[in-house]
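Report on one structure; see the data block that follows.
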Amino acid sequence: MALLPILKYPDPRLHTRAVPVQSVDHRIQTLVSDMLQTMYEASGIGLAATQVDVHECVIVMDTSESRDQPVVLINPEITERSEEIVLGEEGCLSVPAVYDKVERHARITVRALNRDGQPFELEAEGMPAVCVQHEMDHLRGKVFVEYLSPLKRDRIRTKMLKRSREEQRR
């Protein structure tokens, strides 16, 4: 397993649309293992392949308190969404130390392949539902800050660019 570098906003690669995985082979299983290790190491609850500059439809997540219940979604597709919308604070490994409120569906059903390539369906609500929707946005090339006002987005962009320049000087 290997730690993967996480792209930081406003890196343009975060806006790349992911393509479906053609075959759940050894390469994809290695990617899943590396993404899980990277997510846990970064203290995240979800990570999309887009965030590690792999533009295929792969998501890993673990919203459990114990941090030992990983969920792998390959080629995820939301098949049902609740009418109910919730407003919750979100953060992102690609936008570190930035949190803001985003509206999401309260409950969803998602169909995907697991890490062995077997199809399954997941019904999620609360934090798992929010996490799936957030990570699926990444697969579509969308970062959560795009839900915010243009003024907030510009401030975040400026802050992230400044932080990046400071890190490069070190």
Side-chain angles (χ1 to χ4, degrees), residues 1-9 11 13-14 18-82 84-145 147:
M1 293 198 291
L3 284 177
L4 303 170
I6 299 172
L7 299 177
K8 302 291 189 252
Y9 180 80
D11 191 309
R13 293 172 289 180
L14 287 169
V19 298
V21 170
Q22 296 303 308
S23 172
V24 180
D25 54 16
H26 179 71
R27 180 183 67 83
I28 293 297
Q29 290 171 336
T30 299
L31 173 65
V32 164
S33 296
D34 292 347
M35 286 175 62
L36 283 166
Q37 181 182 0
T38 301
M39 178 192 71
Y40 287 126
E41 183 72 26
S43 299
I45 62 167
L47 187 66
T50 301
Q51 293 176 271
V52 294
D53 204 20
V54 176
H55 304 286
E56 293 180 83
C57 295
V58 178
I59 292 170
V60 298
M61 57 186 260
D62 187 343
T63 58
S64 69
E65 294 257 338
S66 54
R67 309 292 287 143
D68 62 355
Q69 297 172 38
V71 175
V72 176
L73 302 168
I74 299 171
N75 297 339
E77 175 188 351
I78 294 176
T79 57
E80 291 181 44
R81 294 172 173 83
S82 68
E84 181 187 355
I85 300 293
V86 294
L87 180 66
E89 191 163 85
E90 291 187 26
C92 181
L93 293 176
S94 291
V95 194
V98 174
Y99 301 89
D100 215 313
K101 297 201 179 302
V102 177
E103 288 186 345
R104 301 283 185 185
H105 295 277
R107 289 174 304 287
I108 61 164
T109 302
V110 63
R111 183 177 22 225
L113 302 176
N114 67 16
R115 71 186 317 159
D116 297 317
Q118 299 303 309
F120 74 104
E121 216 171 64
L122 172 74
E123 291 182 16
E125 64 180 289
M127 182 61 71
V130 168
C131 188
V132 169
Q133 291 169 85
H134 176 107
E135 300 308 333
M136 286 189 68
D137 277 351
H138 279 300
L139 299 181
R140 290 189 292 273
K142 187 170 187 174
V143 181
F144 91 99
V145 297
Y147 288 101

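Atom CG of residue Leu3 and atom CE of residue Met39 lie 12.5 Å apart, to the nearest 0.5 angstrom. Here the NE2-OG1 distance, from His55 to Thr50, works out to 6.0 Å after rounding to the nearest 0.5 Å. Here CG of Leu47 is found 8.5 Å from CG of Leu36. Values are rounded to the nearest 0.5 Å. We find the CG-CG distance between Asp68 and Asp62 to be 6.5 Å, quoted to the nearest 0.5 Å. Taken from CD in Glu123 to CZ in Arg107, the straight-line distance is 10.5 Å, to the nearest 0.5 Å.
Heavy atoms from other residues, nucleotides or ligands lying under 6.0 Å from CD of Glu89 number more than 12. The neighbour count for Glu121 CD, taken as heavy atoms of other residues, nucleotides or ligands under 6.0 Å away, is above 12.
Contact of the Ile45 side chain with the Met127 side chain is registered, since non-hydrogen atoms from C-beta on lie closer than 4.5 Å. Counting heavy atoms from C-beta outward, Pro76 and Met136 have side chains that approach closer than 4.5 Å. At a threshold of 4.5 Å between non-hydrogen side-chain atoms, the residues Val58 and Val21 count as touching. Two residues are said to be in side-chain contact when any heavy atoms from C-beta on lie closer than 4.5 Å; Thr79 and Val110 fail this criterion. Contact check for Val32 versus Val60: side-chain heavy atoms found under the 4.5 Å cut-off. A 4.5 Å side-chain heavy-atom check between Pro70 and Tyr40 finds at least one atom pair inside the cut-off. The shortest distance between side-chain heavy atoms of Leu31 and Gln29 does not fall below 4.5 Å. With contacts defined as side-chain heavy-atom distances shorter than 4.5 Å, the pair Ile28/Ile74 qualifies.
At distances below 3.5 Å, at least one donor-acceptor pair connects side-chain atoms of His105 with backbone N or O atoms of Ser82. Of the possible donor and acceptor atoms, one in the side chain of Gln37 sits under 3.5 Å from a partner among the backbone N and O of Ala2. Counting only distance, with no hydrogens or angles, the side chain of Asn114 and the backbone of Asp116 share a donor-acceptor pair below 3.5 Å. Proximity of a side-chain donor or acceptor of Asn75 to a complementary backbone N or O of Ala112 within less than 3.5 Å is not detected.
Judged as a salt bridge (charged side-chain N to carboxylate O under 4.0 Å, His left out), and not counting sequence neighbours, the contacts of Arg111 are Glu77.
Cation-pi geometry between Lys142 and Tyr147 is satisfied (NZ or CZ under 6.0 Å from the ring centre, within 45° of the ring normal).
Salt bridge absent: Asp11 and Lys8 never bring a charged side-chain N and a carboxylate O closer than 4.0 Å.
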Exercise for the section: Quick one: do Met61 and Val72 satisfy side chain to side chain contact (heavy atoms under 4.5 Å, CB included)? Show the steps, please. Expected result: CA-CA 7 Å; Met61 57 186 260; Val72 176; over 6 Å; no
Handout entry: salt bridge (Lys or Arg N to Asp or Glu O under 4.0 Å) between Glu90 and Arg104, worked out
Key = CA-CA 10 Å; Glu90 291 187 26; Arg104 301 283 185 185; 2.8 Å; yes
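Donor-acceptor pairing under 3.5 Å is recorded for the side chains of Gln51 and Ser94.
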